[in-house]
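Read the structure below first, then the notes.
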Amino acid sequence: QVQLVESGGGSVQAGGSLRLSCAASERSVKPYTMGWFRQAPGKEREFVAAISWSATFTDYADSAKGRFTISRTYAKNTVYLQMNTLKPEDTAVYYCAAHYTDSRYTTETRVTDDYPYWGQGTQVTVSS
């Protein structure tokens with residue numbers, strides 16, 4: 001199974017940028033979709049973005065469109081989330097997640113429970 005480790009969180013002022021990274025423990029022969037979720041205090045974990053195994057298909061929550069960019073290395077085992085124009089409402093713990101898939105060219109799902117593999121999370125704090 002794939003193990004995930006996030007890095008890159010921190011504190012920024014509104015309008016600033018952060019880049020999150022998520023490294024998978026090993027390369028996998030079987031394709032897996034990778035995604036980012038976040039959880040703010042007192043709220044449920046929510047979908048942010050996902051990227052297909054092929055890295056040719058991406059999916060974003062409305063809150064992330066136009067500001068966040070998800071990408072994946074050629075080796076497939078590291079995913080990034082570039083976050084620009086950050087807002088205080090983006091403050092949350094951000095989690096990297098993965099699910100094995102038979103589809104190399106789609107992300108298939110935004111549902112938290114469909115992702116069995118999770119990183120430990122990294123805190124992002126945006127001050128106004």
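What you are looking at is a predicted structure, and each value in this text was computed from that prediction instead of being measured. Residues take their numbers from the sequence shown, with the count starting at 1.
Looking only at side-chain heavy atoms (C-beta outward), Tyr105 and Thr56 come within less than 4.5 Å of each other. A 4.5 Å side-chain heavy-atom check between Trp118 and Leu4 finds every atom pair outside the cut-off. When side chains are defined from C-beta on, Ser71 does not count as touching Gln82, because their heavy atoms never get closer than 4.5 Å. The shortest side-chain heavy-atom distance between Tyr95 and Gln39 falls under the 4.5 Å cut-off. Between Ile70 and Phe68, every side-chain heavy-atom pair lies at or beyond the 4.5 Å cut-off.
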Original post:
Step by step, would you call Val48 with Leu81 a side chain to side chain contact (heavy atoms under 4.5 Å, CB included)?
Top reply: CA-CA 10 Å; Val48 177; Leu81 186 68; 4.2 Å; yes

**OP:** Tell me, with the steps shown, if Tyr60 and Phe47 meet side chain to side chain contact (heavy atoms under 4.5 Å, CB included).
**Re:** CA-CA 8 Å; Tyr60 294 94; Phe47 172 79; 5.6 Å; no

Subject >> side chain to side chain contact (heavy atoms under 4.5 Å, CB included) evaluation trace for Lys43 with Arg38 >> reply: CA-CA 9 Å; Lys43 295 187 176 181; Arg38 66 186 183 186; over 6 Å; no

Original post:
Could you go step by step and tell me if Glu46 and Arg110 meet the side chain to side chain contact (heavy atoms under 4.5 Å, CB included) rule?
Top reply: CA-CA 9 Å; Glu46 65 177 8; Arg110 296 180 171 190; over 6 Å; no

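Considering every non-hydrogen atom in both Asp90 and Arg67, the closest pair reads OD2-NH1, 2.7 Å. Across all their heavy atoms, Ala98 and Val2 have their closest contact at CB-CG1, 4.1 Å. Closest heavy-atom contact between Thr107 and Phe57: OG1-CE2, 3.3 Å. Shortest non-hydrogen contact noted between Glu6 and Tyr94 is OE2-O, 3.9 Å. The minimum heavy-atom distance between Met34 and Cys96, with the atom names listed, is CE-SG, 3.9 Å. Taking both residues in full, the closest heavy atoms of Gln120 and Val5 are given as OE1-CA, 3.8 Å, listed atom of the first, atom of the second, then distance.
Between the side chains of Thr101 and Ser103, not a single donor N or O lies within less than 3.5 Å of an accepting N or O.
A distance of 7.5 Å separates OG in Ser11 from CD in Gln123, rounded to the nearest 0.5 Å. With values rounded to the nearest 0.5 angstrom, Arg72 atom CZ is found 7.0 Å from Ser52 atom OG. Atom-to-atom distance recorded for Tyr115:OH and Arg45:CZ is 13.0 Å, nearest 0.5 angstrom.
With respect to Thr109, the side chain to side chain contact (heavy atoms under 4.5 Å, CB included) criterion is satisfied by exactly one of Thr112, Val111, Asp113: Val111.
Side chain of Thr122 to backbone of Gly9: a donor-acceptor contact under 3.5 angstrom is found. Without hydrogens or angle criteria, Thr91 side chain to Val126 main chain gives a donor-acceptor distance under 3.5 Å. Looking at Ser25, its side chain does come within 3.5 Å of a backbone N or O of Gln3 through a donor-acceptor pair.
We find that Lys65 and Asp62 are joined by a salt bridge, their nearest charged nitrogen and carboxylate oxygen being less than 4.0 Å apart.
Hydrophobic clustering of Ile, Leu, Val, Met, Phe, Trp and Tyr side chains at less than 4.5 Å, counting indirect connections, keeps Val93 apart from Val79.
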Only pairs under 3.5 Å count here: list side-chain donor-acceptor contacts from residues 13-20, not counting sequence neighbours, and write none if there are none.
unit_1: Ser17; atom_1: OG; unit_2: Asn84; atom_2: OD1; d: 2.9

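Here Tyr117 and Tyr32 keep their ring centres 6.0 angstrom or further from each other.
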